[in-house]
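Heads up: the structure comes next, in structure tokens.
Everything numeric in this text was worked out from a predicted model, so none of it was measured. First listed ligand is number 1; within each ligand, the first listed atom is number 1. Atoms considered below: every heavy atom in the structure, side chains included; atoms not considered: hydrogens, waters and symmetry mates.
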Amino acid sequence: MGSNNIILIGFMGSGKSGVGIQLAKKMDYHFKDTDEMIVAREGIEIQEIFDKYGEKWFRNLETTLLLSIMDTLEKTVLSTGGGMPMKDRNVNLLRGMGHVIYLRASESTIIDRLSGDTTRPLLQGENLQEKVKKLLEARISVYEKVADIIIDTDDKSIDDIVEEILGKKGG
Ligand code: S3P
């Protein structure tokens, strides 16, 4: 298992994919995204997985995915689904796979970025603000505890965030 990987964690809308792609390019690493890998494997969209089988099923797919890639992941920036660290099992796996970086975004930044989004099953329907607030409250301390490095992303460009990550990890 390579410890030369970078694992990006953070709430939906915190910029994990955008930052991850750019960071991987700069470092000459591969880029992988757990949501995309699950969709490719299952052959259906995340929303449909939640609708048909429920959140718990999706969480198990996340763990299965990590178990199946952990031994071969090398020189990769791995962007993870926002709920990934909420399961202890996943946390242990992620921490064994590389440096864990938490892309932190404030509630208002997240709401700005996700208003109108139709792809996140946990945020569909009425009252986006209330949903984000509740989930964030439950998750922030976990993200902070799990991370080796925390990067604040509010009001920063992708390039700024990438440079900050490279500076903090000494690369
Ligand atoms: C989720 C985040 C999503 C996706 C799924 C559940 C979550 O990924 O895994 O909709 O529980 O926070 P992103 O963080 O990439 O949006």
Side-chain angles (χ1 to χ4, degrees), residues 5-24 30-69 73 76-91 93-94 97-98 100-147 149-154 156 158 161-162 165:
N5 302 300
I6 294 192
I7 317 295
L8 298 180
I9 63 167
F11 203 80
M12 295 168 264
S14 58
K16 290 164 292 183
S17 300
V19 168
I21 289 168
Q22 203 53 29
L23 180 63
H30 307 287
F31 172 76
K32 290 196 169 123
D33 178 304
T34 60
D35 284 344
E36 280 176 13
M37 292 169 96
I38 289 172
V39 168
R41 284 178 173 205
E42 299 304 306
I44 55 175
E45 295 300 323
I46 305 275
Q47 176 79 59
E48 215 179 327
I49 298 175
F50 273 70
D51 286 349
K52 280 195 175 155
Y53 309 109
E55 180 175 354
K56 195 157 178 227
W57 183 264
F58 178 74
R59 300 294 167 211
N60 289 333
L61 291 178
E62 289 187 310
T63 305
T64 305
L65 175 74
L66 294 184
L67 287 168
S68 71
I69 62 174
L73 207 70
T76 299
V77 177
L78 181 70
S79 170
T80 61
M84 185 75 93
M86 302 312 289
K87 225 170 129 183
D88 288 346
R89 181 87 201 275
N90 295 346
V91 168
L93 294 170
L94 292 173
M97 289 161 85
V100 179
I101 300 182
Y102 168 30
L103 298 186
R104 184 161 59 188
S106 67
E107 188 183 317
S108 62
T109 296
I110 289 168
I111 289 165
D112 279 354
R113 290 192 189 149
L114 294 182
S115 62
D117 176 85
T118 56
T119 64
R120 270 87 168 191
L122 295 178
L123 301 179
Q124 298 313 298
E126 299 290 290
N127 217 337
L128 174 68
Q129 182 154 6
E130 199 48 42
K131 288 187 172 115
V132 169
K133 189 172 187 299
K134 267 205 176 140
L135 272 178
L136 255 185
E137 270 168 16
R139 291 180 173 186
I140 279 180
S141 61
V142 176
Y143 292 139
E144 289 179 351
K145 196 173 84 194
V146 170
I149 299 173
I150 299 175
I151 305 279
D152 282 306
T153 64
D154 286 353
K156 290 179 189 160
I158 289 182
I161 297 166
V162 166
I165 292 173

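Atoms of ligand 1 found under 4.0 Å from any heavy atom of I46, numbered from 1 in the order shown, are 5 (C), 10 (O). Ligand-side atoms of ligand 1 in range of K16: 13 (P), 14 (O), 15 (O), range being under 4.0 angstrom from any heavy atom. Below 4.0 Å from some heavy atom of L122 lie the following atoms of ligand 1, by number and element: 7 (C), 11 (O).
Among all protein heavy atoms, the one lying closest to atom 16 (O) of ligand 1 is R120 NE, 2.8 Å. In terms of protein heavy-atom proximity, atom 7 (C) of ligand 1 is nearest to G83 N, 3.3 Å. The protein heavy-atom contact nearest to atom 15 (O) of ligand 1 is D35 OD2, 3.1 Å.
With a 4.0 Å heavy-atom cut-off, ligand 1 is reached by the side chain of R139 but not by its N, CA, C or O. Of the heavy atoms in R59, only side-chain atoms (C-beta onward) come closer than 4.0 Å to ligand 1. Residue D33 does not touch ligand 1, judged by heavy-atom distances below 4.0 Å.
Side chains of T63 and K87: a donor-acceptor N/O pair is present below 3.5 angstrom, by distance only.
A distance-only check finds a donor-acceptor pair linking the side chain of T64 to the backbone of N60 [under 3.5 Å]. In this structure, the side chain of K16 does not engage the main chain of L103 through any donor-acceptor pair within 3.5 Å.
The N/O atoms of T119, backbone and side chain alike, include none that comes under 3.5 Å of an N/O atom in ligand 1. Considering backbone and side-chain N/O atoms, G13 never comes within less than 3.5 Å of an N/O atom of ligand 1.
A 6.0 Å sphere centred on CD of E45 holds no more than 12 heavy atoms belonging to other residues, nucleotides or ligands. Under a cut-off of 6.0 angstrom, the local environment of CZ in R41 is crowded, with over 12 non-hydrogen atoms contributed by other residues, nucleotides or ligands.
Annotation for G82 and Y143: closest pair O-OH, 2.5 Å, computed over non-hydrogen atoms.
Under the 30°/60° scheme for interplanar angles, the aromatic rings of F50 and F58 are found to be tilted.
Among S17, G82, S14, P121, the residue whose heavy atom lies closest to atom 2 (C) of ligand 1 is G82.
In this structure the side chain of E42 reaches within 4.5 angstrom of the side chain of L61, judged on heavy atoms.
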